[in-house]
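See structure below.
Sequential numbering from 1 along the given sequence is applied to the chain's residues. Just so you know, ligand 1 is whichever comes first in the structure, and atom 1 is the first atom listed for that ligand. Treat the numbers as computed from the prediction; the structure is a model and nothing was measured.
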Amino acid sequence: MIDLKTYGFTQIEAIPDGLVPGRVTELRRERFTVMTGRGEVTAVLKGAFYHSAETRGDFPCVGDFVLLHDNENGDSLIHTVLPRHAKFSRANYSGHAAGYAKTVLEQVVATNFDYVFIISSLNGDFNVTRIMRYLTQARHSGGQPIVILTKADLVEDYTIPLAEVTGSIPDVPVHAISSHTGQGLNELDAYLSPGKTVVFLGMSGVGKSSLLNVLMEQDVMKVQAIREADSRGRHTTTHRQLFMLPSGSMVIDTPGMRELGLFDAGEGIRAGFADVEEWLTQCRFTDCRHQAEPGCAVLAALADGSLSRERWERYVSQRHENKYVQDKTTYLIDKRARNKSIAMWSKQTKKNGGWKK
Ligand SMILES: Nc1nc2c(ncn2[C@@H]2O[C@H](COP(=O)(O)OP(=O)(O)OP(=O)(O)O)[C@@H](O)[C@H]2O)c(=O)[nH]1
Ligand SMILES: [Mg+2]
Ligand SMILES: [Zn+2]
């Protein structure tokens with residue numbers, strides 16, 4: 001018997017008859033692996049799920065605690081997703097045409113974690129703006145963001161890029177490590193205590209699975225050399241999976257993202273750029289566009305150097321992207337709600353005397 005408490009499960013009030021609790025440990029296309037009291041089982045979604053979920057975000061995801069109809073002779077059926085205490089989402093653009101997305105859907109990457117490791121390599125592809133985008137998305141995920149700079153063995157002096165990151169985000173812990181030499185790994189012990197879950201996020205090739213393998217003390221995930229020409233990864237990991245470390249904490253490894261699209265990031269932006277938003281409140285006009293308006297506090301702060309241009313530009317571009325995504329977001333509306341709105345609409349048109357030609 002497996003004690004689900006070791007997987008971070010906290011007893012819920014009453015589990016309905018015929019259902020058992022579990023934690024989703026793996027997701028490949030429509031197939032789930034779920035850790036239950038009798039070990040790992042494979043599972044699919046109960047059909048009703050597709051009709052009652054209001055948005056894609058309600059579908060189960062790696063890290064979720066679920067209730068399922070256990071089936072000892074085949075696939076079990078996932079019946080309910082229990083409330084989440086943490087969730088990391090990204091924007092999933094579809095229908096790209098000449099740089100425009102037709103629609104944006106929420107893609108939930110992982111749930112119910114305690115820490116978000118924003119993993120970035122110190123080698124050729126090092127980029128603080130990108131780290132800050134991940135950070136914006138992680139700030140209101142419900143987990144604590146931690147920045148992990150990998151491959152410290154590849155750079156002559158890692159303290160320079162380290163100082164650049166800590167200077168840009170003074171409120172977030174940053175660690176420089178090497179999975180190859182073991183440097184800095186002991187600094188991570190503080191996060192890896194029993195029952196805690198950490199999600200690994202970052203571009204392909206930054207060394208997420210390499211770090212997982214070191215922490216697991218065995219190779220559980222494939223790793224692959226990055227491309228010589230541009231230091232980019234080869235998208236080696238293709239599915240999300242939760243692992244139980246020997247320390248009793250859990251890691252969710254994820255596939256590297258080509259780009260992280262901000263999704264519903266308003267609060268994360270406000271939290272990460274509170275200083276910038278403070279200047280905004282001091283402009284003379286409430287509808288100031290901070291371009292040439294008299295009494296603009298932002299222009300004044302930029303001019304006297306109390307606000308750096310780089311920081312202002314990062315803020316403006318994240319705000320702009322978040323607004324764009326908000327405007328394009330569509331939700332999969334469940335059929336009942338859609339039918340109801342069609343019924344209401346036809347009642348309305350009848351009352352108005354039908355279609356006016
Ligand atoms: N020198 C050095 N190389 C590293 C380190 N960590 C990872 N690498 C190398 O970086 C390459 C990519 O590592 P992976 O662990 O596959 O990267 P990943 O982030 O899991 O990539 P995806 O699965 O594609 O998202 C491999 O060649 C690793 O050996 C490190 O600390 N030092
Ligand atoms: Mg990987
Ligand atoms: Zn202004």
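- Under a cut-off of 6.0 angstrom, the local environment of NE2 in H69 is crowded, with over 12 non-hydrogen atoms contributed by other residues, nucleotides or ligands.
- Of the N or O atoms in T150, none lie within a sub-3.5 Å distance of an N or O in ligand 1.
- Residues P173 and Q144 come closest through the heavy atom pair CG-NE2, 3.9 Å.
- Closest to atom 17 (O) of ligand 1 among all protein heavy atoms lies G207 N, 3.2 Å.
- With distances taken over non-hydrogen atoms, the option nearest atom 22 (P) of ligand 1 out of S204, S179, A225 is S204.
- Listed for the N112 side chain is a donor-acceptor partner under 3.5 Å among the backbone atoms of G63.
- Applying the 4.0 Å criterion to heavy atoms of T237 picks out, from ligand 1, the atoms 22 (P), 23 (O), 24 (O).
- The ligand atoms of ligand 1 that sit less than 4.0 angstrom from a heavy atom of G256 are 25 (O).
- One N or O on the side chain of T111 and one on the backbone of D64 form a donor-acceptor pair closer than 3.5 Å.
- At a threshold of 4.5 Å between non-hydrogen side-chain atoms, the residues P21 and I15 count as touching.
- Given atom 32 (N) of ligand 1, the protein heavy atom at minimum distance is D153 OD1, 2.8 Å.
- Around the Zn ion (ligand 3), protein N, O or S atoms at less than 2.8 Å comprise C283 SG, C288 SG, H290 ND1, C296 SG.
- Between S89 and E106, the side chains place a donor N or O and an acceptor N or O closer than 3.5 Å (distance only, hydrogens not considered).
- Near V223, with a cut-off below 4.0 Å to any heavy atom, the atoms of ligand 1 are 14 (P), 15 (O), 16 (O).
- Contacts of H235 with ligand 1, taken as heavy-atom pairs under 4.0 Å, involve the backbone alone.
- Checked by atom type and distance alone, the side chain of R133 pairs as donor or acceptor with a backbone atom of L260 at under 3.5 Å.
- For an aromatic pair to be called close, the ring centres must be under 6.0 Å apart, and H290 with W279 fails this.
- Residues L201 and V109 meet the side-chain proximity criterion, which asks for heavy atoms closer than 4.5 Å.
- With respect to atom 21 (O) of ligand 1, the closest heavy atom belonging to the protein is G205 N, 2.9 Å.
- The protein heavy atom nearest to atom 10 (O) of ligand 1 is K151 NZ, 2.9 Å.
- Within the model, atoms OG1 of T150 and CG of L211 stand 8.5 Å from one another, a figure rounded to the nearest 0.5 Å.
- Of the protein's non-hydrogen atoms, H180 ND1, 3.3 Å is the one closest to atom 2 (C) of ligand 1.
- For the Mg ion (ligand 2), protein N/O/S neighbours under 2.8 Å (waters excluded) are S209 OG, T237 OG1.
- Rounded to the nearest 0.5 Å, atoms CG (L212) and CG (D219) are 9.5 Å apart.
- Interface atoms of ligand 1 facing L154, defined by a heavy-atom separation under 4.0 Å, are 1 (N).
- Inter-residue side-chain proximity for L154 and L122 is flagged as unmet; no heavy-atom pair is nearer than 4.5 Å.
- To the nearest 0.5 Å, atoms OH (Y7) and CE (M244) are separated by 4.0 Å.
- Considering only non-hydrogen protein atoms, atom 7 (C) of ligand 1 sits nearest to S210 OG, 3.2 Å.
- Ring pair F117/F200 is parallel by interplanar angle, where below 30° counts as parallel and above 60° as perpendicular.
- What sits closest to atom 11 (C) of ligand 1 on the protein, heavy atoms only, is Q224 O, 3.3 Å.
- In summary, the atoms of ligand 1 found under 4.0 Å from a heavy atom of S178, numbered by their order in the structure, are 31 (O).
- With V66 as reference, I78 is the one residue of T80, I78, L45 to meet the side chain to side chain contact (heavy atoms under 4.5 Å, CB included) rule.
- F285 is listed as a side-chain neighbour of P294, based on a closest heavy-atom distance under 4.5 Å.
- Distance from atom 18 (P) of ligand 1 to its nearest protein heavy atom, with residue and atom name: K208 N, 3.5 Å.
- Contacts of M221 with ligand 1, taken as heavy-atom pairs under 4.0 Å, are absent altogether.
- A parallel orientation is assigned to the rings of F88 and Y134, their planes being inclined by less than 30° (bins at 30° and 60°).
- In this structure a side-chain-to-backbone donor-acceptor pair under 3.5 Å is present from K208 to G202.
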